[in-house]
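Everything below concerns the one structure shown next.
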2 protein chains.
Amino acid sequence: MTISIGLLVFPNVQQLDLTGPYEVFASAPGVTVHLIWKDLAPIRSATGLMLAPTMLLADCPQLDVICVPGGAGVNALLTDAVVLDFLRHQAAEARFVTSVCTGSLVLGMAGLLEGRRASSHWNAVDLLPRLGAIPTEGRVVRDGNVITAGGVTSGIDFGLTVLAELVGEDVARRVQLSLEYAPEPPFDSGTPDRAPAELVAQARAGMAASRAERERLLPPVS
Amino acid sequence: MTISIGLLVFPNVQQLDLTGPYEVFASAPGVTVHLIWKDLAPIRSATGLMLAPTMLLADCPQLDVICVPGGAGVNALLTDAVVLDFLRHQAAEARFVTSVCTGSLVLGMAGLLEGRRASSHWNAVDLLPRLGAIPTEGRVVRDGNVITAGGVTSGIDFGLTVLAELVGEDVARRVQLSLEYAPEPPFDSGTPDRAPAELVAQARAGMAASRAERERLLPPVS
């Protein structure tokens, strides 16, 4: 029996949020990965790479895992009733309800993070209380059947964690080996507490407009 | 002035070899990333994700960086005169001649690794002497203007290293921060010496047919 994993794909998705876990999942035998959107036309990701949906949102059968990646395009999903309804519908029966990066904001807007510990990109995790979630820094945060990843590259750690849950740790380890995932970042600037303050300020400035829009779209602090 | 980076894309490319460094490069200001192939029709990657070329090989202007990713599809490139000529032509003037994973076998077949230290996927690095290269295990191996990465996910470490060379370490660190690249693999099985022997044997078995084909196509040991 095939395990089906659905990754939402949408305009201005951060492609590595999606392509990282995709490669982990699709490298395992017996796993089918769908890229789900409202139509099948190619979609421009945030940094330009084109991605082709493979499954219409309207036609999507029940998935074992639903996953929402992040990126600037998340903002348009926060108030998209079709997407939020789809996520609620899938989440009711899915084994795992998941996100990478700012995809957790979309899960939250669908009401799926109420009272749950959840992660997000470091520049968004503080917004999670506005969605009823308990903000929890971490590359992979699990609360029941809700598994949320931190920013972008966390999706690879997340993918291996979810894969181990689905098909066992041995298969996940074999996929890790085949992808030679023994990372050695050449610099130590992957989180705000490790990067120089000036670079953190520059990164925040680069994301300020998108973040301001999110703050307008999310429910107020209750 | 824009820095232009060209990633070769081809049928059965390992998409994360390409999408990892793509996201690193394309997240930096002033960098343009091209996906280069013989035609512009969408291409199926090794695990199914479709990729769309953006630049015809025949039309490609001189690049600052040429990069060959790996994957099962590499085998067809090893004897592809059009591709090998293109790589030699670009390499003559490029600032950096690079590869991820088994892409180094293609650079080698183009004669670009003669006498150079070079890396590859752990299951291919031992083949490099047949191409005149000095096999060197490592996630990022530099010899002059030739920079070769190890397997698949090494491409992210590689991307940050190359980006720092092109636009400075501060920009590379800022990209690392925006991609939250502070990896925490949930398991320690990313290399053959760290994974259980049984899993290494299984992984080798899964790649045996592709490797046997490579061995037939590469020049014999001299």
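Treat the numbers as computed from the prediction; the structure is a model and nothing was measured. Scope of the values below: all heavy atoms of this structure, side chains included, with no hydrogens, waters or symmetry mates.
A donor and an acceptor atom, one from each side chain of B:E23 and A:T47, are located under 3.5 Å apart.
Taken from CG in B:L179 to OG in A:S189, the straight-line distance is 12.0 Å, to the nearest 0.5 Å. Summarising the geometry, atom CG belonging to A:D170 is positioned 5.0 Å from atom CG belonging to B:L199; distances are rounded to the nearest 0.5 Å. A:T161 contributes atom OG1, which lies 10.0 Å from atom CD of B:E184 (distance to the nearest 0.5 angstrom). Between the CG atom in A:L177 and the CZ atom in B:F187 there is a gap of 13.5 Å [rounded to 0.5 Å].
Proximity to chain A involves both the backbone and the side chain of B:R174, based on heavy atoms less than 4.5 angstrom apart. Looking at B:V33, there are no atoms closer than 4.5 Å to chain A (heavy atoms on both sides), in backbone or side chain. Contacts between B:A195 and chain A at a heavy-atom distance below 4.5 Å involve the side chain alone, from C-beta outward. For chain A, the nearby parts of B:P192 are the backbone and the side chain; heavy atoms of each come within less than 4.5 Å. For A:V171, no part lies under 4.5 angstrom from a heavy atom of chain B. Heavy atoms of A:R194 lying under 4.5 Å from chain B belong exclusively to its side chain. Proximity to chain A is absent for every atom of B:E198, based on heavy atoms less than 4.5 angstrom apart.
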